[in-house]
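A note on names: the letters A, B, ... follow the listed sequences, proteins ahead of strands, and every chain is numbered from 1.
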Amino acid sequence: MPELPEVETIARGLNQRVAGDVIESVWLGSKPEPLKSSAQEIAAALESKLISSVRRVGKHIVFALAHSKNGASNSAKETQWIVHLGMTGSLRVCPPASEVAKHTHAILKLASGRELRFVDPRRFGRLSVIEKFKAPGSEPLDISFEDFAALFHGRKTPIKSALLNQKLLSGVGNIYADEALFRAKIRPRRRASSLTRDDLRRLRAALKKVLQEAIRAGGSSISDYVDADGEEGFFQLKHRVYGREGKPCLVCKMPVKRIVVAGRSSHYCPHCQM
DNA sequence: ACTATGTCCTGCGAGC
DNA sequence: TGCTCGCAGGACATAG
């Protein structure tokens, strides 16, 4: 499932491959169920636009669009195409002759002759267009310690839930929340407000570190995640607790436990994490 | 203002 | 072998 490192990897790959290309036409399937925009709005916003850049914001992929025609000093506002991959969404750059995969919900024909396709079996992904996208939460890689600590102040919710709350931090999902909590030696059910400043320092550092390591590894390939070139990431090999229920803790050999927090499976070491 | 829970959706793997 | 069933999860809706 694409979280921050996977989305970062995908956005970088797409930026290399499609930035500078022009969207000639757009086909949209019946229900990509865009959040704020109808299929017509999306198609209208994308058609004959230049993709000036692709980048990540939180778990969102942001395509910056510009008018492709030189002429008329464009007073028209530039728009951004926002793609959220949900659980199983993927964006693929394909030769037009290649077979259209099942669950393809959008196809963009590019001036270069290639196609950019959005495929999403589970349909949790979302497409939308907006003038200026702003993530509701803070970027975990950029946030200062004081801002980080303030996010959790007075919150009774389990720290695991708080980490997953995109209004607080943008981009942290189930895998990296578990991995960061393990590295910081904090149990997922701990009330966020109960974390000491030292806990918070370790947590912020662990989160940044695990996200950066995962980006360097090209993300975690779980289920069918691949990047823009179809390459798998390999950070899943470095997971210390996620998906390791019953297996020995890599530090103390105690079996890793799995519990449910906020309806999400959460993995931790009962010996190493307090 | 927070927090907790249910919902969406399909593929896959466990279990019989 | 082949079937059913339950689980996986991000973000929103709804209820408390």
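A:W81 pairs with exactly one of A:I130, A:V62, A:V54, A:L108 by the side chain to side chain contact (heavy atoms under 4.5 Å, CB included) rule, that one being A:L108.
Within the structure, every side-chain polar atom (N or O) of A:H60 is placed at least 4.0 Å from both OP1 and OP2 of C:dG10. One finds a side-chain N or O of A:H84 lying less than 4.0 angstrom from the OP1 or OP2 phosphate oxygen of C:dA11. A sub-4.0 Å separation between OP1 or OP2 of C:dG9 and a side-chain N or O of A:S265 is present. OP1 or OP2 of B:dC2 has not a single side-chain nitrogen or oxygen of A:T157 nearer than 4.0 Å. For the OP1/OP2 pair of C:dG9 and a distance below 4.0 Å, the side-chain nitrogens and oxygens of A:Y242 include at least one atom meeting the criterion.
Nearest to the side chain of A:K59, among B:dT10, C:dA11, C:dG9, sits C:dA11. Checking B:dA4, C:dG10, B:dT10 against every side-chain atom of A:R123, the shortest atom distance belongs to B:dT10. The nucleotide whose nearest atom lies closest to any side-chain atom of A:K156 is, among C:dG10, B:dT3, B:dG11, B:dT3. Closest contact between the side chain of A:R191 and the listed nucleotides B:dC9, C:dG9, B:dA4 involves B:dA4. Picking from B:dG11, B:dA4, B:dC9 the nucleotide with the shortest atom distance to the side chain of A:F124 gives B:dC9. For A:R122, taking side-chain heavy atoms from C-beta onward, the closest of the listed nucleotides C:dG9, C:dA11, B:dG11 is C:dG9. For A:R155, taking side-chain heavy atoms from C-beta onward, the closest of the listed nucleotides B:dC9, B:dT3, C:dA8 is B:dT3.
A straight line from CZ of A:F152 to P of B:dT3 spans 12 Å, rounded to a whole angstrom. Taking atom CD1 on A:I175 and atom P on C:dG9, their separation rounds to 8 Å, with Å as the unit. Atom CD1 in A:I259 sits about 17 Å away from atom P in C:dC7, given to the nearest Å. Between A:R258 atom CZ and C:dA8 atom C1' there is a gap of 9 Å when expressed in whole angstrom units. Rounded to whole Å, atom C1' of C:dG10 lies 12 Å from atom NZ of A:K167. When the P atom of C:dC7 is taken as reference, atom CG of A:N174 falls 16 Å away, rounded to whole Å. Taking atom CG of A:L163 as the reference point, atom P of C:dG9 lies 15 Å away to the nearest angstrom. The nearest whole Å value for the distance from the NZ atom in A:K102 to the C1' atom in B:dT10 is 9 Å.
Interatomic distance, CG of A:L141 versus CD of A:Q212, reported as 5.5 Å (0.5 Å rounding).
Contact of A:R126 with C:dA11 (side chain to base): no donor-acceptor pair of N or O atoms is detected under 3.5 Å. One can find a donor-acceptor pair under 3.5 Å joining the base of C:dG10 and the side-chain atoms of A:R264.
In this structure, A:E146 pairs ionically with A:R197, as a charged nitrogen and a carboxylate oxygen lie closer than 4.0 Å. Using a 4.0 Å cut-off between charged side-chain N and carboxylate O, A:R123 and A:D120 make no salt bridge.
Heavy atoms of A:S161 sit nowhere under 4.0 angstrom from any nucleic acid atom. Using a 4.0 Å heavy-atom distance criterion, A:P136 is classed as making no nucleic acid contact.
Annotation: side chain of A:C269 is not in contact with side chain of A:V251 (no heavy-atom distance under 4.5 Å).
Partners of A:E245 by salt bridge (charged side-chain N to carboxylate O under 4.0 Å, His left out), not counting sequence neighbours, listed by chain and number: A:R258.
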